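These notes concern the structure reproduced below.
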Number of protein chains: 2
Amino acid sequence: MEKEILKSVELKNTKKRQIILSILEKAHKPLTAEEIYAQTIGQTRMSFSTVYRSLGALTEKQILMKELMQDGKTYYQFNNNNHKHLLVCSICGEIIPIDDCPLHKLENDLVSKTGYIITGHSLEFNGICPKCTEKF
Amino acid sequence: MEKEILKSVELKNTKKRQIILSILEKAHKPLTAEEIYAQTIGQTRMSFSTVYRSLGALTEKQILMKELMQDGKTYYQFNNNNHKHLLVCSICGEIIPIDDCPLHKLENDLVSKTGYIITGHSLEFNGICPKCTEKF
DNA sequence: GTTTTTGCAAACTGTTTGCAGGATG
DNA sequence: CATCCTGCAAACAGTTTGCAAAAAC
């Protein structure tokens, strides 16, 4: 439950943060601040800065992770062991989440080659979806 | 030579575009508009919008490719068969280019799973470099 | 009642654009 | 000389921030 999540990272348990977390839980895919804001309308009255500040705080506490995508927007999702990368159609904008992250093996290679501790990665594929391919 | 590149894509052969291309050639790694602009100083007098418009035109003509990275800046590099991804130290900002792109196999998987035509990808690793790890 | 969170409006960063003058083929 | 390119300043999008009021603990 959202209340426990917030308590566990010493963030105050507010209605608005609960709502933001529950929107992300239901989504099962990364969302932008704008998309989250849009979904709050009707549920509660919340400003854009609250959305951003809540997402920022939760990201800092490692509950969420964020990724700046090629569309210039930052996407947020839960920071768990099955985070998702996206495949985006350049024509219609359709977004397909890719279910398992294929980069762990590559990260091991990098560790041995560079001596870095790898803390994260961002990955995005762009292409043309079957529907858009047909339109020619 | 830069002149031939520009001619081949029907862009006018200007001194400023030649300079931008030569800066990227010498760099052997992706650069931001800001970094390119900084390197033009002394060589010629060029406005920021010229840098952006030239990079935009060359990207549109597929001579260059661009990638928006997690620092919020767009990096440009030649669009050839050995494009580079970056490993960025979150502490000191050091950037290591990764020489061979490890995603081709993954893209084949995606094609068969989704029916998409894959036209590109972006990938970035973040971590902590050996020097910064030592400082603890 | 002290600390944290929120809303508002204004600021900020990287990038894009309209327009008038200048260079290219 | 028609077209493309450039510089300038203003606009733009997404995000962040300072401050005062409101809510949480």
Side-chain angles (χ1 to χ4, degrees), chain A residues 1-21 23 30-38 40-41 43-61 63-76 88 93 122 124, chain B residues 1-21 23 30-38 40-41 43-61 63-76 88 93 122 124:
Chain A
M1 206 212 168
E2 291 85 15
K3 188 173 171 180
E4 274 74 51
I5 296 177
L6 291 167
K7 192 161 195 182
S8 73
V9 292
E10 292 163 320
L11 287 175
K12 290 203 169 166
N13 171 45
T14 68
K15 192 80 188 285
K16 295 173 202 250
R17 285 175 176 164
Q18 288 180 15
I19 290 177
I20 290 174
L21 285 171
I23 289 171
L31 296 177
T32 63
E34 202 179 15
E35 290 170 324
I36 293 168
Y37 175 76
T40 63
I41 296 169
Q43 293 194 65
T44 186
R45 202 174 154 290
M46 189 178 326
S47 74
F48 247 104
S49 29
T50 299
V51 176
Y52 276 113
R53 277 198 259 232
S54 300
L55 292 170
L58 288 161
T59 304
E60 200 151 279
K61 298 292 189 181
I63 302 301
L64 301 179
M65 53 186 289
K66 66 172 178 178
E67 183 173 352
L68 176 56
M69 304 275 295
Q70 298 305 307
D71 62 3
K73 294 175 189 164
T74 303
Y75 286 69
Y76 296 84
V88 184
S122 54
E124 173 181 349
Chain B
M1 205 210 169
E2 292 85 15
K3 188 174 170 178
E4 274 72 53
I5 297 177
L6 291 167
K7 192 162 195 180
S8 74
V9 292
E10 292 163 322
L11 289 175
K12 292 205 167 164
N13 171 46
T14 68
K15 192 81 189 286
K16 294 170 204 255
R17 285 174 177 166
Q18 288 180 15
I19 289 176
I20 290 174
L21 286 171
I23 289 171
L31 295 177
T32 63
E34 202 179 14
E35 291 170 324
I36 293 167
Y37 174 77
T40 64
I41 296 169
Q43 294 194 64
T44 187
R45 201 175 155 289
M46 188 179 324
S47 74
F48 248 105
S49 27
T50 299
V51 176
Y52 276 114
R53 278 198 258 231
S54 300
L55 291 170
L58 287 161
T59 303
E60 201 152 277
K61 298 293 190 180
I63 300 301
L64 301 180
M65 54 186 290
K66 65 173 179 178
E67 181 173 351
L68 176 57
M69 304 276 295
Q70 299 303 307
D71 62 4
K73 294 175 187 164
T74 304
Y75 286 69
Y76 296 84
V88 184
S122 54
E124 173 181 349

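In what follows, chains carry the letters A, B, and so on, assigned in the order in which the sequence lines appear, proteins first and then strands, with residues in each chain numbered from 1. What you are looking at is a predicted structure, and each value in this text was computed from that prediction instead of being measured.
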Query raised in the report: Would you find a donor on one side and an acceptor on the other, under 3.5 Å apart, between the side chain of K16(B) and the backbone of R45(B)?
Result: yes
| Can a donor-acceptor pair under 3.5 Å be found between the side-chain atoms of T50(B) and the base atoms of dC5(D)? | no
Q. Would you say dT5(C) has OP1 or OP2 under 4.0 Å from some side-chain N or O of S49(A)?
A. no
Compare all side-chain heavy atoms of K7(B) with those of N13(B) and state whether any distance is below 4.5 angstrom. no
Can you tell me if Q43(B) has over 12 outside heavy atoms packed within less than 6.0 Å of its CD?
yes
Rounded to whole Å, the CZ-P distance (R45(B) to dG22(C)) equals 12 Å
Taken to the nearest whole Å, OH/Y76(A) to P/dG14(D) is 13 Å
- Message: Whether the side chain of T14(B) and the base of dC4(D) hold a donor-acceptor pair under 3.5 Å is what I'd like checked.
- Response: no
Result for side chain to side chain contact (heavy atoms under 4.5 Å, CB included) between K66(B) and one of L55(B), T59(B), T32(B) points to T59(B)
Query raised in the report: Does Y52(B) make a side-chain N or O approach to OP1 or OP2 of dT15(C) shorter than 4.0 Å?
Result: yes
K12(A) near the nucleic acid: base, sugar-phosphate alone, or nothing, with a heavy-atom cut-off under 4.0 Å?
base
What do you reckon, is CD of E4(B) surrounded by more than 12 foreign heavy atoms closer than 6.0 Å?
yes
Separation of dA23(D) atom C1' from K16(A) atom NZ, nearest Å, is 10 Å
Taken to the nearest whole Å, CD/E2(B) to P/dT24(C) is 16 Å
If each end axis of the helix from dG1(C)-dC25(D) to dG25(C)-dC1(D) is fitted on five C1' pair positions, the angle between them, to 10 degrees, is 30°
Discussion item. Closer than 3.5 angstrom, by distance alone: can the side chain of Q70(A) be matched with the main-chain N or O of S122(B) as a donor-acceptor pair?
Written reply: no
Per nearest nucleotide of DNA chain D, the residue lying toward the 5' end, R53(A) or T32(A), is T32(A)
Comparing F48(B) with M46(A), nearest DNA chain C nucleotide closer to 5' gives the residue M46(A)
Heavy-atom nearest nucleotide on DNA chain C taken for S54(A) and for G72(B); more 5' hit belongs to S54(A)
Rounded to whole Å, the CD-C1' distance (E67(A) to dG14(D)) equals 16 Å
